[in-house]
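Everything on this sheet refers to the single structure shown next.
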Amino acid sequence: MSVETMSGVLLRAADLHGSVTDPGMESMNFLNEVVGRFPDAISFAPGRPYEGFFETSQVFDYLKAYTDYLERERGFTSAQVRTNIFQYGRTNGHIHDLIARTVSNDEGIEVSPQSVVVTVGCQEGMLLTLRALFAGPDDVLLVSSPCYVGITGTATVLDIPIHPVPEGPHGVDPAAVAAAAAEVRAQGKRPRAMYLVPDFANPSGSSMPVEAREELLRVAEQEDLLLLEDNPYGFFLREGNPRPTLKALDRAKRVIYLGSFAKTGFPGARVGYVLADQPVAALDGTVGVLADSLSKIKSMTTVNTAALSQAAIGGMLVLADCKLRDANAQAIDFYRTNLQTVLDQLEHHFPADVRASLGISWNAPEGGFFLVVKVPFPANDAALHRAAGDYGVLWTPMSYFHHDTAGDHQLRLSCSALDPDTIVEGMTRLARFIKDSSAA
């Protein structure tokens with residue numbers, strides 16, 4: 001309901017959708033507010049790519065490469081190229097063939113271009129997928145815990161109940177997934193799908209061994225679960241060799257793959273994709289693929305993904321010969337150095353005797369952008385405010401990513417947006433903050 005005021009209608013928060021007043025939806029706004037208030041603080045908070053990899057001129061190179069590709073490889077006329085760039089386009093996108101070629105080269109994932117949905121960032125891919133799969137109030141989404149707030153926030157907006165599955169040091173335990181599915185069924189509900197990031201997860205940095213991935217696929221088959229695999233960080237190894245994605249291992253089409261170019265190319269383009277090749281039997285008896293169902297929802301949300309953004313990403317893929325892993329060689333080396341620098345600085349500031357006396361520990365991810373530090377004091381919004389104002393350093397409370405108290409004494413560090421020298425200075429500030437807060 002609303003009430004009249006002298007200046008017009010006043011809406012009541014209690015009458016808006018529950019997601020508007022959900023405390024979990026406030027975390028990113030609070031973090032942005034702190035960043036804005038303390039612009040000189042060194043920030044280990046954002047998982048954004050390093051600015052030094054971008055040049056404005058690249059955008060024009062990408063657009064030229066894409067229009068050349070349309071004319072030379074696709075045989076487009078000048079008029080068709082103009083339409084492709086300036087007009088509304090195919091709902092599921094017009095760079096689907098380039099994306100299919102790229103995931104084949106980089107990940108060994110073989111899907112038809114018709115199974116690719118080009119989305120407005122990975123976030124839209126999550127929205128479309130959840131809306132299509134979750135048909136009623138008894139359908140439950142299993143999520144790794146801790147979990148990326150983008151998926152849990154989307155579930156909240158869509159009124160989809162979630163059931164957390166605790167992560168271990170090596171990611172999600174397939175046995176824990178099976179136990180969670182059984183628990184949901186015991187409540188008279190249906191475990192519909194499981195969301196996870198098998199490679200260098202946000203926020204924990206954990207990764208699943210290959211054997212665990214294969215076992216999870218068996219559990220998914222046994223429990224009639226779909227797996228929503230999100231893979232933004234898989235390229236960025238600190239050590240070891242790349243592991244096959246769940247989608248590459250999948251033989252039963254249990255995996256819906258959520259992809260993005262935000263970390264591997266051009267975050268400002270806001271282009272992601274969903275690989276949705278699951279067969280869907282229509283009401284008239286015909287069989288299509290899940291991508292067709294996502295298309296119907298997309299046509300009523302964003303209509304289509306911006307043609308100009310697709311052209312920029314398309315040109316980037318053309319220039320990389322649809323081999324983004326090779327094109328990211330410099331970035332892979334840079335992020336490897338950054339993550340190792342953070343780990344080295346933690347060891348420098350907190351040698352074994354110091355961390356034992358203070359009760360401090362951390363994990364050592366095999367790659368990606370993030371790691372987690374456990375501290376003896378509450379790592380809450382008040383502590384973050386104090387760190388920013390008094391010590392000039394920012395981080396992210398892990399409580400944002402948990403649905404219980406497991407993250408209350410943990411903080412997430414992101415190493416991606418800073419150069420190594422700034423990391424060293426930032427870690428000096430962070431160490432001072434942690435030591436002072438631990439002694440208080």
Decide, yes or no, whether a salt bridge links [X] with [Y] under the criterion of side-chain N to carboxylate O below 4.0 Å.
X	Y	value
Glu215	Arg218	yes
Asp224	Arg190	no
Asp333	Arg336	yes
Asp277	Lys253	yes

Q.
Quick check: do Leu275 and Ser115 have side-chain heavy atoms less than 4.5 Å from each other?
A.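 No; the side chains remain at least 4.5 Å from each other.
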Q: Please tell me if the side chains of Leu430 and Trp395 come closer than 4.5 Å, counting only heavy atoms from C-beta onward.
A: yes
Q: Would you check if there is a donor-acceptor pair between the side chains of Ser416 and Lys263 at a distance under 3.5 Å?
A: no
Q. Taking atom types as modelled, is there a side-chain donor on Asn92 or Ser295 under 3.5 Å from an acceptor on the other?
A.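 Side-chain D/A pair, Asn92 to Ser295: present.
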(Q) If I take atom CD from residue Glu366 and atom CG from residue Leu339, how far apart are they, to the nearest 0.5 angstrom? (A) 10.5 Å
Give a yes or no on whether the backbone of [Y] and the side-chain of [X] come within a donor-acceptor separation of less than 3.5 Å.
X	Y	result
Ser145	Val165	no
Ser309	Thr305	no
Asn338	Leu418	yes
Thr156	Thr152	yes
Glu167	Ser206	no

**Q.** Steps toward side chain to side chain contact (heavy atoms under 4.5 Å, CB included) verdict (Asp421, Glu425)
**A.** CA-CA 7 Å; Asp421 289 342; Glu425 171 58 26; over 6 Å; no
Less than 6.0 Å separating the ring centroids of [X] and [Y]?
X	Y	result
Phe369	Phe236	yes
Phe370	Tyr233	yes
Phe53	Phe334	yes
Phe433	Tyr391	yes
Tyr273	His96	no

Q: I would like to know whether Glu183 and Lys189 meet salt bridge (charged side-chain N to carboxylate O under 4.0 Å, His left out); could you show each step before the answer?
A: CA-CA 9 Å; Glu183 186 175 341; Lys189 299 184 177 182; over 6 Å; no
Q | Lys NZ or Arg CZ of Lys435 over Phe350 ring: under 6.0 Å, within 45° | A | yes
Q: Under the side chain to side chain contact (heavy atoms under 4.5 Å, CB included) rule, what do Val274 and Leu290 come out as? Steps first, then yes or no, please.
A: CA-CA 10 Å; Val274 183; Leu290 182 60; over 6 Å; no
Q: Take His94 and Val118 through the side chain to side chain contact (heavy atoms under 4.5 Å, CB included) test and state the conclusion after the steps.
A: CA-CA 8 Å; His94 54 69; Val118 187; over 6 Å; no
Q: On the 0 to 90° scale, with breaks at 30° and 60°, tag the His385-Phe38 ring pair as parallel, tilted or perpendicular.
A: perpendicular
Q: Walk me through it: do Tyr257 and Asn231 pass the test side chain to side chain donor-acceptor pair (under 3.5 Å)?
A: CA-CA 8 Å; Tyr257 188 88; Asn231 186 27; 2.8 Å; yes
**Q.** Step-by-step salt bridge (charged side-chain N to carboxylate O under 4.0 Å, His left out) determination, Asp321 to Arg101
**A.** CA-CA 9 Å; Asp321 194 25; Arg101 211 183 304 174; 5.8 Å; no
